[in-house]
Structures are given as structure tokens and as C-alpha cells.
Amino acid sequence: MNVNVQARQIFVNLPVKNLERSKAFFGEIGFEFDQQMTDEKGACMIIGPSIYAILLTEDFFKNFSKREIADTTSSAEVITAISANSKAEVDELTNAAFKAGGQQASETMDDESIYLKSFKDLDGHMWEVFYRPQEATE
């Protein structure tokens, strides 16, 4: 069976140790939250027009999976990559993450096909911010 999947939205669910601290971190970077989908157990962070990260307290996250939550100090469960409109925007977002307490996740990539920087948030989740110059000319 060949199915052509075309989702209208994406919701990435991430467990967090301290929801208020995580909201403050991402808010300082510049992300906003959908207040209608935010309470004491989770917060809906708006990444793009139809892209969201749901920050869930670890206890609440456990309701959705019987598997152990990854220990991000020793393993990676996912790398969430988000696009930027320019190299300057990549720098702005990652510098804001570092200023808010995030840590560098890997070395900067800078060649003719991609400019990429990465950070780990307060819970160790890895984020990449990238700009692809050829997309700007297409």
C-alpha cells in the first residue's frame, strides 16, 4: 500500500523536568506559547504556523509512553531541526539560547549548502538551527 502522507501540523512532545523553567528558557529565546493549550502539566510552544513543541512535565509525559524517558546526559532521543531565513537569524536564535542557559550541542557547520548551529536546552534536548542558501535563491 502506497500512502502519500501530508500532515497539516506537527507536534513534537518533549519531557521536561521543570515546566516553568523550560517555558522561561524558550520564552527568552523568543518563542511564544499557545495559552489555550498550556496548563500546569504542559505548554504548547509555537515554532511555526503549523509546527509545535509540547513541553510536558516528566510525570505527565509518562502517561503517553511505557518506555523510560531518555537520559539526555548520556543519550540522544531526537534532534529537532528548525530552519531560519538567514545566517544572522541562525546566530540570533542560538546566541539567545546560550544566553538563556543552553549549551552548545555540536560544532558549527558552514559550507555552500548549509549554515547550522546547535544547542541543548535545559533538559538536554538537542536543537539545530539551519539556513540553506540555495533555498533562498529557488
Side-chain angles (χ1 to χ4, degrees):
M1 180 178 194
N2 189 6
V3 178
N4 183 11
V5 177
Q6 295 291 313
R8 293 178 299 136
Q9 297 177 313
I10 183 170
F11 295 85
V12 177
N13 294 275
L14 297 172
V16 298
K17 293 184 184 322
N18 183 315
L19 182 60
E20 291 306 315
R21 194 177 104 170
S22 292
K23 285 170 49 180
F25 171 80
F26 285 107
E28 191 171 328
I29 292 173
F31 289 103
E32 295 181 357
F33 293 87
D34 180 337
Q35 295 307 313
Q36 292 181 326
M37 295 179 63
T38 297
D39 61 21
E40 70 281 350
K41 294 184 239 172
C44 179
M45 184 173 78
I46 303 165
I47 297 174
S50 59
I51 306 165
Y52 309 90
I54 308 296
L55 309 176
L56 300 170
T57 62
E58 287 185 344
D59 286 341
F60 191 56
F61 184 90
K62 290 176 184 177
N63 290 320
F64 302 100
S65 176
K66 302 301 177 214
R67 299 173 68 188
E68 290 295 316
I69 293 174
D71 177 358
T72 58
T73 62
S74 60
S75 62
E77 85 273 65
V78 67
I79 299 173
T80 303
I82 57 177
S83 62
N85 293 318
S86 66
K87 285 184 174 186
E89 192 174 289
V90 170
D91 291 340
E92 183 180 318
L93 198 144
T94 53
N95 288 339
F98 300 143
K99 183 179 177 192
Q103 298 178 331
Q104 185 172 341
S106 61
E107 296 299 316
T108 298
M109 292 177 60
D110 187 6
D111 61 34
E112 64 276 351
S113 65
I114 193 165
Y115 181 68
L116 180 145
K117 289 187 174 183
S118 61
F119 66 91
K120 291 185 279 187
D121 66 23
L122 301 179
D123 289 282
H125 303 295
M126 295 172 55
W127 295 78
E128 291 180 340
V129 185
F130 68 92
Y131 168 67
R132 295 184 46 164
Q134 69 273 18
E135 288 180 356
T137 60
E138 289 176 356

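Source: prediction; values computed, not measured.
Remark: side-chain polar atoms of Asp123 are paired, donor with acceptor, to backbone N or O of Lys17 under 3.5 angstrom. Side chain of Asp39 to main chain of Gly42: a donor-acceptor pair is present (N/O by atom type, distance under 3.5 Å, no hydrogens or angles). Under the 3.5 Å distance criterion, the side-chain polar atoms of His125 are matched with a main-chain donor or acceptor of Pro15.
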Checklist entry - Passes ring pair (Phe, Tyr, Trp, His ring centres under 6.0 Å), Tyr52 versus Phe11? Steps please. => result CA-CA 5 Å; Tyr52 309 90; Phe11 295 85; 4.8 Å; yes
Next on the checklist: Could you walk me through whether Tyr131 and Ser83 satisfy the side chain to side chain contact (heavy atoms under 4.5 Å, CB included) test, starting with their C-alpha distance in whole Å, then the side-chain angles of each, then the deciding distance to 0.1 Å, before giving a yes or no?
Outcome noted: CA-CA 6 Å; Tyr131 168 67; Ser83 62; over 6 Å; no
Next on the checklist: Run the side chain to side chain contact (heavy atoms under 4.5 Å, CB included) test on Leu14 and Phe61 for me, step by step, so that the C-alpha distance in whole Å, both residues' side-chain angles and the decisive distance to 0.1 Å come before the verdict.
Outcome noted: CA-CA 8 Å; Leu14 297 172; Phe61 184 90; over 6 Å; no
Item to check | Full working for side chain to side chain contact (heavy atoms under 4.5 Å, CB included) between Lys23 and Thr38 | outcome: CA-CA 10 Å; Lys23 285 170 49 180; Thr38 297; 3.9 Å; yes
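Hydrophobic clustering (side-chain heavy atoms under 4.5 Å, transitive across Ile, Leu, Val, Met, Phe, Trp, Tyr) groups Val90 together with Leu93. Under the 4.5 Å side-chain heavy-atom criterion for Ile, Leu, Val, Met, Phe, Trp and Tyr, Val129 and Phe98 are members of the same hydrophobic cluster. The cluster map of Ile, Leu, Val, Met, Phe, Trp and Tyr, joined by side-chain heavy atoms under 4.5 Å apart, puts Phe60 and Met37 in the same cluster. Placement of Leu56 and Ile69 within a single hydrophobic cluster is found when ILVMFWY residues are connected by side-chain heavy-atom separations under 4.5 Å, directly or transitively. Trp127 is connected to Val12 through a chain of hydrophobic side-chain contacts under 4.5 Å among Ile, Leu, Val, Met, Phe, Trp and Tyr, so both are in one cluster.
When side chains are defined from C-beta on, Leu122 counts as touching Arg21, because their heavy atoms get closer than 4.5 Å. Phe64 places none of its side-chain heavy atoms less than 4.5 Å from the side chain of Asn13.
Of all heavy-atom pairs between Glu40 and Leu19, the closest is O-CD2, 3.5 Å. In this structure, Gly124 and Thr72 approach most closely via the heavy-atom pair CA-OG1, 3.4 Å. Across every non-hydrogen atom of Ser118 and Glu128, the tightest pair is CB-CG, 4.0 Å. Heavy atoms only, all atoms of each residue included: Lys120 and Gln104 are closest at CE-O, 3.8 Å.
Under a cut-off of 6.0 angstrom, the local environment of CD in Glu68 is sparse, with at most 12 non-hydrogen atoms contributed by other residues, nucleotides or ligands. Atom CD of Glu77 has more than 12 neighbouring heavy atoms from other residues, nucleotides or ligands inside a 6.0 Å radius.
Atom CD in Glu107 sits 11.0 Å away from atom NZ in Lys117 (nearest 0.5 Å). Taking OG1 of Thr57 as the reference point, atom CD of Glu20 lies at 11.0 Å (rounded to 0.5 Å). Rounding to the nearest 0.5 Å places OG1 of Thr80 at 11.0 Å from CD1 of Ile51. A distance of 10.0 Å separates CD of Glu58 from CG of Asn18, quoted to the nearest 0.5 Å. Here Lys41 contributes atom NZ and Leu55 contributes atom CG; the two are 15.5 Å apart, rounded to the nearest 0.5 Å. Ser106 OG to Met126 CE: the interatomic distance, rounded to the nearest 0.5 Å, is 6.0 Å.
At a cut-off of 3.5 Å, with distance as the only test, a side-chain donor of Ser113 or Asp111 sits close to an acceptor on the other residue.
In this structure, Phe31 and Phe26 have perpendicular ring planes: the angle between them is above 60°, well past the 30° mark.
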